[in-house]
Structure formats: C-alpha cells, structure tokens
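In what follows, every heavy atom counts, from backbone to side chain, and hydrogens, waters and symmetry copies are set aside. Letters A, B, ... mirror the listed sequences (proteins, then strands); counts begin at 1.
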Protein chains: 2
Amino acid sequence: MQVPEKNANALGNEYRRPKIEQVHTMSKPETRIQQRNRAAILSAGLEIFSQYGLRGSTLDQIAESAGLSKPNLLYYFRSKDAIYTALLERLLDTWLDPLEKMDPNGDPIQEILAYVHRKLAMSKDYPRESRLFANEILQGAPHIADHLSQDLRQLVDEKAVVIKEWEAAGKIAPVDPYHLVFSIWAMTQHYADFDVQVRAVLGETDPFDGAMTYLDTLFRRMLTPKADV
Amino acid sequence: MQVPEKNANALGNEYRRPKIEQVHTMSKPETRIQQRNRAAILSAGLEIFSQYGLRGSTLDQIAESAGLSKPNLLYYFRSKDAIYTALLERLLDTWLDPLEKMDPNGDPIQEILAYVHRKLAMSKDYPRESRLFANEILQGAPHIADHLSQDLRQLVDEKAVVIKEWEAAGKIAPVDPYHLVFSIWAMTQHYADFDVQVRAVLGETDPFDGAMTYLDTLFRRMLTPKADV
DNA sequence: TCATGATTTGACCATATGGTCAAACTGACG
DNA sequence: CGTCAGTTTGACCATATGGTCAAATCATGA
C-alpha cells in the first residue's frame, strides 16, 4: 500500500504519488500501529508547528517529539508539508464548530454570549491550535485560502443573516454582524495567541477569569436593545 | 537551532567584533551611504520578516529586496538576528505611542475612542509592522519578553489607573481596565494580522470603513455610563 | 592627484535540513 | 514454524542557508 509505490514513476515530480493518502482513499483499514503513530506525529506536529511555524519547525524536532525516527515520520506522511496540511484540515472543522452551534432559535443575546464562551474556552483549552491557525493566517493563509473564502465565508454569511434577523426583531441592538463576528474572534483568540503579552501585563493574575467577565459585560452592554424601542 | 534557543540571545552579542555597532556606539557619524543602506535593509527586513517570520526569512531574500549583496548586508548588520532585533526595537516605541498619547485630562470616552482610532489607523497604515509584532508574540516573544514585562506593563498599569479614575468619577461605566486595553489591541490589530481572513469573508467590501464604525459603536455603548447614575 | 578609509563582492565554508533507499526487523496468522 | 505485509532505521544525498574573508572598488578630503 504505502511501500508498493514503485518509485519508477520518474515522471514529473509535480505531484507525488501519495504513499499513505491511499490508505485513506483506497479503503484499507488503518492498523493499530498506524493509528498510534499518526496520532503521535500529529500531536508532535501541533506542538512544534504552533511554536515555530511551518518553516521554523524541522522534521527532526517533530520526530523527536513524536518519539520516532525521521525516516519513520516520512513513512507515515509524505513530507513536512503533509503533516502541516493534515493538521490544518483537521483543525478547520474544530474551528468552525462553535459558530455553527449558534442556534437561530435560541435567545439572541444568550446565543451570542454562549458562542463567545465557547470560543474563549477554546483559546484556553487549545492554545496550540489557536496559534497554529493564527500563524497560518498571518503568513497569508497559503494552505487554506480556499477554505476561508468557501466554507468560512459561507458559514459567516449564514450567521450574519441570523443576526440581522435578531436585530430586525428588536432582540438585539443594531450592529454590523460581520464585524461582530470578527470582534468575537479577535478578542477570544487574543488570549491564546498573545498569551505572553497578556501575562506580561497581568503578572500572576489569571487572564481567563477576568476575560470571561469582561467579554460578558462588553457584549451584553453592546447588544442589549435600548429600553425605549 | 530554534528549539535549543540557547543563552538568551540578547547576551550572545558580546563576543563578536561589532563592525558597525561601534559606528553607533563610538559616536562616529553615519555616512550618507550608511544611512541609505541601513534604511534599505530595515525596510527590506520588515517586508520579508513580516511575511515569513524570523526563521522563515532568508538573508538572500532580504538582500535582494534591499538591492544589496548578502555580504554587503552583513557589513551593515552583524547577523540576520541583528536586523530582526533592530526592527523590533524600533517598532516598540511606535507601538506604545498611541496608548501613551491617551490624555488623562481629556474627555474619557473621547480619549478612549481616539485611542481606538489611532490603533486602527496603525493597522491600516502599517500592517507589516503589526504582523511582525504579532509573529514575535506568537512565538513567545523571545526577543522582547523583557520589554513586555517592563515598559509595556508599566505603561498599561499607568493607564489602568487613569481609566479607573474615570470610572470612579462616573465618566465611564465600570470595566476592567486591563481587559479593556486588551480588547482594543485585539480588535484593532485583528484587521492587520488576520487581514486575509477578514477579506475572505467580506469579499470586496473594505474592512476598515465598517471596522471604525463598528468599534466606535461598540465602545460607546459599553462605556457610556447608565443615565440614572 | 593621491592616500585612506569606507564599501562592495565573488568565492568559499560549515552546518542544517528535507528527503531517499535498501536493508533489517516485527508481528500476526495460517 | 514460516511467511509476508507492514514497520523501522542507519547511511546517505542535494540543497539551502547563515556567515566569513581577502581582494577589489569607490568616495572624499587634503
């Protein structure tokens, strides 16, 4: 499966024959070892990539962190890039999930606050994922540009409609729904991505306690419709 | 090499024969050529580093962007790191400036909004600087950790007091001043650092117009004290 | 014009790094 | 036990990259 690649395909190296990808595509079940090692590699990749970025990370680092040899890594993933890409793709779902969960039929302010809550929890519980993502976007999102203008955009468009409906129903004060979403992303992810800076300023104080309170207050005040309307 | 991150790289500068540093330190005036080339190098460095990060950028890239040969680069800066560090240090002042300008004697809400405005303008006009900074923080701020817990922290502490006084005077609604500052950083810098994402979602629409309106509304609603107080 | 220091560069080096490969090893199963 | 797909690795390679250096070129002021 992955070995029988017959490197004889000395044709263009444009697109290499995926050794492993076929395991997925061609419906061969993963062995226990494969599962374990792939998981270990992705975990190690997350750790390293989130810290040093794609170009700043080396296969040796990842290999060591995964407890495997470098050639062994490349037995499971065709290249460094493949590990990175696999991570990003897996991450994207996780990333959109909290927004997807926002329920059009729930109480508007509660729904938005719950979304903020979920996002902040992600920053707290998955800071490496957040940083990996941030790094990718910072570099111009070369690996996920499509996803952004497809899936992400579509989802946000969809939720923007919902928010506008809430506004029309007088359930929340008027706001630009897109910038509302941006501000939620910005403020919640800030606590993961800029963690060192936040902690440098706050000292010993834990950022997340105060953050939740603050964000709650912020969005409540901004979104609560004026009483007289 | 990047993991080992041996001795605090700030210290490692001692043992080398600084060709250029002496020009600075030893009070020798800069020649016109020096000024021009140093400026070109810093400009090129900003361009490249902000796009690929420290490790992701190469001297050759910077050299080409600066229109100089690689050895010539190293005639003006002792190392790649030296260029990066020089950039960061120059950037720090610029970065703190908008907050410093916040006037304790001005009208509270106006002052805060003006600060937001200045920060957003910086994201718009100096996105490369913003990204360079973001990248450094994301990596754990290895080159400016000190500055953060010194200068930055002190400045924020100082302004936090001012904000608390405004609050005590009933000029603004109660808020945690630290998280208020964080939220301003987060939301304004988001438009520079996550530019691709924002644009992927907004399509053709210019982000900054809507952003200013939105942020203005947001902070006004959050900070305006309740009428009945 | 010439001397002298500043500037520039081609050639070069050591190391790091992504990736390859053939050979060796392992484990599950008939 | 034997087999063979699946797994692992030591040795190796090509290239990229940060950095050095001696020699050449240039600029400027006496």
**Message:** Take a 6.0 Å sphere around CD of B/Gln154 and say whether it holds more than 12 heavy atoms from other residues, nucleotides or ligands.
**Reply:** no
**Message:** What contact category does A/Arg55 fall into here, base, sugar-phosphate, or nothing, at under 4.0 angstrom with non-hydrogen atoms?
**Reply:** sugar-phosphate
**Message:** Show me the pairs that pass ring pair (Phe, Tyr, Trp, His ring centres under 6.0 Å) and involve residues 181-202 of chain A, at least two apart or across chains.
**Reply:** A/His179-A/Phe182, A/Phe182-A/Trp185, A/His190-A/Phe194, A/Tyr191-B/His179
**Prompt:** To the nearest angstrom, how far is B/Leu54 atom CG from D/dT17 atom P?
**Reply:** 14 Å
**Asked** Taking OP1 and OP2 of D/dT7, is either one under 4.0 Å from a side-chain nitrogen or oxygen of A/Gln34?
**Response** yes
Under 3.5 Å, sequence neighbours excluded: what are the donor-acceptor pairs made by side chains of residues 203-212 of chain A?
from	atom 1	to	atom 2	distance (Å)
A/Thr205	OG1	A/Leu202	O	3.3
A/Asp206	OD2	A/Phe208	N	2.9
A/Asp206	OD2	A/Asp209	N	3.2

**Request:** Grab the CD-P distance between B/Gln61 and D/dG19 for me, whole Å please.
**Result:** 14 Å
**Request:** If a pair satisfies salt bridge (Lys or Arg N to Asp or Glu O under 4.0 Å) and one of its residues is in residues 179-191 of chain B, list it, with sequence neighbours excluded.
**Result:** none
**Between P of C/dG19 and CG of A/Asp81, the distance in whole Å** = 8 Å
Listing, residues 144-151 of chain A side-chain donor-acceptor contacts under 3.5 Å, not counting sequence neighbours, or none:
from	atom 1	to	atom 2	distance (Å)
A/Ser149	OG	A/Ala145	O	3.1
A/Ser149	OG	A/Asp146	O	3.3

Show which side-chain atoms of residues 82-92 of chain A pair as donor or acceptor with protein atoms under 3.5 Å away, not counting sequence neighbours.
from	atom 1	to	atom 2	distance (Å)
A/Tyr84	OH	A/Glu136	OE1	2.6
A/Thr85	OG1	A/Asp81	O	2.8

**Item:** Separation of D/dT8 P from A/Arg38 CZ (nearest whole Å)
**Value:** 13 Å
Pull out every protein N or O sitting under 3.5 Å from an N or O of nucleotides 8-10 of chain C, one pair per line with the distance.
from	atom 1	to	atom 2	distance (Å)
C/dT8	OP2	B/Asn37	ND2	2.9
C/dT8	OP2	B/Asn72	OD1	3.2
C/dT8	OP2	B/Asn72	ND2	3.3
C/dT8	OP2	B/Tyr76	OH	2.7
C/dT8	O5'	B/Asn72	OD1	3.1
C/dT9	OP2	B/Ser69	OG	3.1

**Asked** In whole angstroms, how far is the P atom of C/dT7 from the CG atom of B/Leu74?
**Response** 15 Å
**Prompt:** Could you state the CG-C1' distance from A/Asp60 to D/dC12, rounded to the nearest angstrom?
**Reply:** 14 Å
**Message:** Please report the distance, rounded to the nearest Å, between CD1 in A/Ile41 and P in D/dT7.
**Reply:** 11 Å
**Spacing of A/Lys80 atom NZ relative to C/dG18 atom C1', expressed in whole Å** = 8 Å
